[in-house]
A.B. asks: 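Below is the structure I would like to discuss, written out as structure tokens.
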Amino acid sequence: MFSSCVAMLEEDSSLKLVLPTEFVKKVYGDYWQKTKLMIHHESQRSWPVYLRSVSGESVITDGWRNVVRDLQLTKQTLLRLRIMDDKNMKMDCFVDNICGETFATVNRYGILKIIVIPEAYVTKCYTYRPVNDCYNIYAAGQIWKVETEKINDVYVFTKGCPKLFHDLGIEDDDVLLLMKTDNNTFEIKIYRRGVEVVFTNKEESEDDSVMEIPKDTYYKNVQFTFCDDDDSEDQLSSEIREGTKKEEVNKNIAVNENSNEEGKLSMTEETKKPIKDEVII
């Protein structure tokens, strides 16, 4: 069973919060409409709300406005809702993609297989000491080691991430939450279309070197415009709700590969054609 989901507060004036219907049905069954819940926050405050179906969407309403007002939530705040029991949820609020010592990021770099650390997180959590050269990533009882690089003034996890992505089945547009458990370790949670991914045992990659990406490839292909873009939250919201966007770099690579294959085929066919002798009249 799913234990949590993520949702985006589209408007701070909204009277409802849209949840993934897949998550709601799995947790509360087919007859979840008009379910009364209590939402709890780390500030020790709680609010009664209702789950309802509005225009085909599963939403939290009837009290949601009080949650937004009391916590002074702003537009495009990422929210994680964790199931406590069938009548209670705990809510975490990610402002600028940060909640305490946990950060949220979106896997939107396709074949590069990297994890971007938000600039605001580095500023908040690493003011008095530098970012480590390497970290442990914990999930499903296992640990993966990743290295840190600073690319275009942005910190990212690079070496070790391809193996992590392979073993955990991380896909494009997945939302990743990384919770700092100590100075050297992060626990990772993966959300696909807003729903927490339940880890399954995949066959681990044996040869790490085969899966690693050359360092110069990062510098040539990575553009971290979303890190300081005013529309970054809008992109995150879109990817949570749709989960269908693909990286342009993947498309370009595919187009180039097709073009090369077509070129090779054309050259092969030309060489196979018989050469006609010239006819002199």
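The residues of the chain are indexed from 1 along the displayed sequence. Being a predicted model, the structure only gives us computed values, none of them experimental.
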A.B. asks: For Ser4 and Glu196, which I'm curious about, is there any donor-acceptor pair between the side chains at under 3.5 Å?
C.D. replies: yes
A.B. asks: Output, in order, the C-alpha distance, side-chain angles, deciding distance and verdict of side-chain contact (heavy atoms from CB on, under 4.5 Å) for Val106 and Leu176.
C.D. replies: CA-CA 6 Å; Val106 177; Leu176 311 177; over 6 Å; no
A.B. asks: In terms of side-chain geometry, is the basic nitrogen of Asp12 or Lys75 positioned less than 4.0 Å from the acidic oxygen of its partner?
C.D. replies: no
A.B. asks: Could you point out which residue of Tyr155, Phe157, Trp144 forms a ring-ring contact (aromatic ring centres under 6.0 Å, His included) with Tyr135?
C.D. replies: Phe157
A.B. asks: Salt bridge check, Asp30 against Lys25: does any charged N sit closer than 4.0 Å to a carboxylate O?
C.D. replies: no
A.B. asks: Looking at Glu22 and Arg193, is any side-chain nitrogen of the basic one under 4.0 Å from a carboxylate oxygen of the acidic one?
C.D. replies: no
A.B. asks: Among Asp133, Ile114, Val156, find the one that has a side-chain contact (heavy atoms from CB on, under 4.5 Å) with Glu149.
C.D. replies: Val156
A.B. asks: Picking from Ile60, Val6, Leu19, Leu73, what satisfies side-chain contact (heavy atoms from CB on, under 4.5 Å) with Leu79?
C.D. replies: Leu73
A.B. asks: If you measure from the Lys or Arg side-chain nitrogens to the Asp or Glu carboxylate oxygens, is any gap between Arg52 and Asp62 under 4.0 Å?
C.D. replies: yes
A.B. asks: Tell me, yes or no, whether the heavy-atom count around Asp85 atom CG, taken from other residues, nucleotides or ligands under 6.0 Å, exceeds 12.
C.D. replies: yes
A.B. asks: Would you mind listing every ring-ring contact (aromatic ring centres under 6.0 Å, His included) that reaches into residues 47-104, with sequence neighbours excluded?
C.D. replies: Phe103-Tyr121, Phe103-Phe186
A.B. asks: Among side-chain atoms of Asn132 and Asn184, is any donor-acceptor pair under 3.5 angstrom?
C.D. replies: yes
A.B. asks: Between Thr21 and Glu57, do the side chains contain a donor N or O and an acceptor N or O under 3.5 Å apart?
C.D. replies: no
A.B. asks: Taking NZ in Lys36 as the centre, count heavy atoms belonging to other residues, nucleotides or ligands within less than 6.0 Å. Is the count above 12?
C.D. replies: no
